[in-house]
Amino acid sequence: MFLSLRAEVEDALEGALSELDFPTDDLGIEEPPDDVDSVLASSVAFRLASEAGAPPPQVAGQLANEIDADELTYVAEVQTQGPYLNFLPSGAYLAETLETATDDAYGALPDRDTSVVVEHTSANPTGPVHVGRARNPIIGDAVANLLDYAGYDVDRHYYVNDAGRQMAVFTWAYETFDEDDLEDGPERDRVEYDLVRYYRKGNAFLENGPDEEVAEAEAEIESIMQGLEEGDDETYERVSEVVDQVLSGMRECLERLPAVFDEFVKETRFMRNGDTEELVGRLKDLDEAVYEEDAWQLDLDEHGIDKNLVFLRSDGTSLYATRDLAHHEWKFDNYDRAVTVLGEDHKLQARQLRTALELLGNDTKPLEQVLYSYVNLPEGKMSTRRGTGVDLDDLLDEAIDRARQEVEDRLDDRIRDDDLDDEDVERIAHQVGIGAVRYDVVSKQPTKAITFEWDRALDFEAQSAPYVQYVHARCCGILEEAGFEPDAIAAGEINVASDLDADLLGTEAEQGLLETIGRFPAVVDEAADDLEPHQIATFTREFADRFNAFYRECPVLADGVDPELREARLALVAASKYTVANALSILGVAAPRSM
RNA sequence: GGGCACGUAGCUCAGUCCGGAAAGAGCGUCGGACUUCUAAUCCGACGGUCGUGGGUUCAAAUCCCAUCGUGCCCGCCA
């Protein structure tokens with residue numbers, strides 16, 4: 001609805017400008033500050049002042065006179081305030097917003113008939129997922145949800161690095177060492193915690209072991225790499241045994257968030273189907289291809305990248321980057337757009353990838369990257385190989401424990417008489433605990449550096465998930481109290497009369513809430529365009545503020561409330577419920593029925 | 001050394017792409033509000049040379065240049 005309003009305002013303003021012979025290239029449309037009544041405004045008058053030979057406020061007046069609000073559907077009135085033009089929403093705008101928003105798909109944009117693959121996480125299958133990487137699945141999942149909501153046809157991919165040197169090392173270590181060789185037991189009863197011990201042991205051995213034995217190990221590792229390159233089935237099986245086990249454990253961890261994938265794409269796929277070999281041939285034919293120190297590389301100096309892209313080692317094996325080129329051509333063949341969520345430390349590689357893809361004749365516009373900066377510990381970087389870092393499992397466990405404690409502490413002074421049972425407590429603990437972790441990550445611009453601190457990551461106060469979740473629970477509480485079935489609320493099947501009178505919602509709190517609800521689809525649209533899910537988080541906070549003001553000032557079910565007003569307010573609560581539930585679902589944060 | 005990102009209140013962050021309404025939240029501090037749909041809430045107070053210096057503009061946190069600080073990258077690793 002907001003989108004229609006904006007279109008209408010743009011049209012009207014453009015018409016007025018051309019009528020007065022002013023240029024129409026910049027309409028100066030903006031959203032006014034909170035203390036202004038309008039929903040949209042324009043600052044064009046500033047720019048026209050010199051051309052018009054009149055001060056801005058006078059120009060604004062001329063424009064306002066030129067626009068006949070009676071001919072507009074969603075605009076009730078055009079006012080000037082100094083140099084600004086303010087467009088006030090009409091009753092029809094608010095009524096249509098209310099009607100549109102009382103729908104469980106509110107905020108979802110029309111199908112764009114465009115497919116997009118969102119690749120995220122893609123952590124090497126070397127061990128437990130740690131917090132240093134946790135931004136990736138959380139942001140990635142939200143980006144995918146966001147695009148889905150914005151009308152794209154989304155596939156979520158995890159690209160599995162199962163052909164790199166690390167996996168060869170892991171496979172060798174797994175086959176070479178026994179349980180007896182390992183110092184400690186697994187930190188957790190799950191397969192990747194078990195196997196990572198071999199990986200760490202292997203790496204330590206390669207670093208500090210006796211030279212002769214290390215040389216033998218290196219020879220074995222080299223033969224595994226060669227086997228993979230040649231597409232040897234037995235080697236593939238050996239490596240797969242490690243990869244598949246570790247990956248299954250990591251997957252379980254990610255599902256706790258939950259971050260789920262449509263497909264785990266293994267890079268060996270592009271070696272075994274011949275794509276990599278074919279691609280290497282094409283790379284060698286490029287003008288930029290050079291053969292230096294027995295290795296094939298791309299000299300990208302001319303393209304502003306001073307680091308060569310090595311695509312074939314001197315031993316003839318391909319590199320991650322080589323296979324990733326084949327991987328991306330495959331994406332281009334199968335999707336209209338390709339979005340990758342990756343750490344800022346991969347930025348240079350991303351530039352090399354894009355440039356090489358261009359040189360190979362691909363149009364790389366469909367390829368977009370969302371970059372985030374790593375989460376570090378106060379004492380430094382997290383590393384799977386060295387075993388430094390906080391496991392995501394531990395963070396989630398702690399978050400749930402603290403949330404459970406919170407719920408139990410509050411149990412005694414609950415006003416609401418809804419008898420939370422043990423199951424509810426556990427449900428709330430999970431929803432709030434995990435929600436808080438996700439919200440904390442997804443609500444910030446990904447490019448900002450984060451240093452991990454337990455208390456900060458698990459702060460339930462602040463501008464956190466529980467604050468927004470609580471609004472949802474309040475909506476549900478009111479709806480339940482009004483007689484709607486909890487199950488229907490959970491399923492989003494709240495049926496309120498659609499012919500009710502939005503004019504009844506006349507207070508500032510009600511109008512402000514309705515206007516905020518009306519902006520939601522536009523926020524989804526813009527956030528999706530920018531690939532910035534944190535815009536949705538910012539919106540949920542503004543929305544929660546508005547809702548709380550309404551909650552404070554506008555009783556819905558109290559005895560003195562007129563039945564018609566009660567219905568209208570109930571519809572507003574239902575619309576609020578859908579808005580906040582859907583916004584939270586984009587963020588991947590649970591919307592609790594009660595808390 | 002070079003490239004990229006970040007720098008807004010004591011702390012954590014919106015706002016920056018696309019310049020416009022005397023800089024907005026939360027936490028913390030201080031003071032208030034539960035016989036009323038859930039107080040994980042709300043109201044009020046205190047708190048800011050938007051890193052610094054220049055420039056462009058009627059107008060700069062926002063654009064340009066320089067500079068300082070922090071992070072990341074500059075492997076035949078991923």
>> Distance check, C1' atoms only: B:G32 and B:C46, in whole angstrom units.
In response: 15 Å

>> Looking at B:C58, which nucleotide sits across from it as a Watson-Crick or G-U wobble partner, both distances under 3.5 angstrom, or is there none?
In response: B:G20

> In whole Å, what separates the C1' atom of B:G75 from that of B:G19?
Replying inline: 43 Å

> Under a 3.5 Å cut-off for both distances, is B:C76 Watson-Crick or wobble paired, and to whom?
Replying inline: none

> Expressed in whole Å, how much space separates the C1' atoms belonging to B:C72 and B:A66?
Replying inline: 23 Å

> Relative to the ring of A:Phe311, is the ring of A:Trp296 parallel (under 30°), tilted (30 to 60°) or perpendicular (over 60°)?
Replying inline: tilted

> OP1, OP2 of B:A14 versus side-chain N and O of A:Lys448: anything below 4.0 Å?
Replying inline: yes

>> With syn defined as a glycosidic angle within 90° of 0 and anti as the rest, where does B:C65 land?
In response: anti

>> On RNA chain B, does the nearest nucleotide to A:Arg410 precede the nearest nucleotide to A:Asp440 from the 5' side, or the other way round? Give the residue.
In response: A:Asp440

> So A:Phe270 and A:His327, would you call those rings parallel, tilted or perpendicular, with 30° and 60° as cut-offs?
Replying inline: tilted

> Among side-chain atoms of A:Tyr374 and A:Asn136, is any donor-acceptor pair under 3.5 angstrom?
Replying inline: no

> Side chains of A:His303 and A:Glu288: do they bring a donor and an acceptor to under 3.5 Å?
Replying inline: yes

> Distance between the C1' atoms of B:U29 and B:A9, in whole angstroms?
Replying inline: 13 Å

> What residues, two or more places apart in sequence or in another chain, satisfy ring pair (Phe, Tyr, Trp, His ring centres under 6.0 Å) together with A:Tyr372?
Replying inline: none

> side chain to side chain donor-acceptor pair (under 3.5 Å) with A:Arg386: which residues, sequence neighbours excluded?
Replying inline: none

Polar atom pairs (N or O), protein with nucleotides 44-47 of chain B, under 3.5 Å:
none

> Is any side-chain N or O of A:Tyr467 closer than 4.0 Å to OP1 or OP2 of B:A25?
Replying inline: no

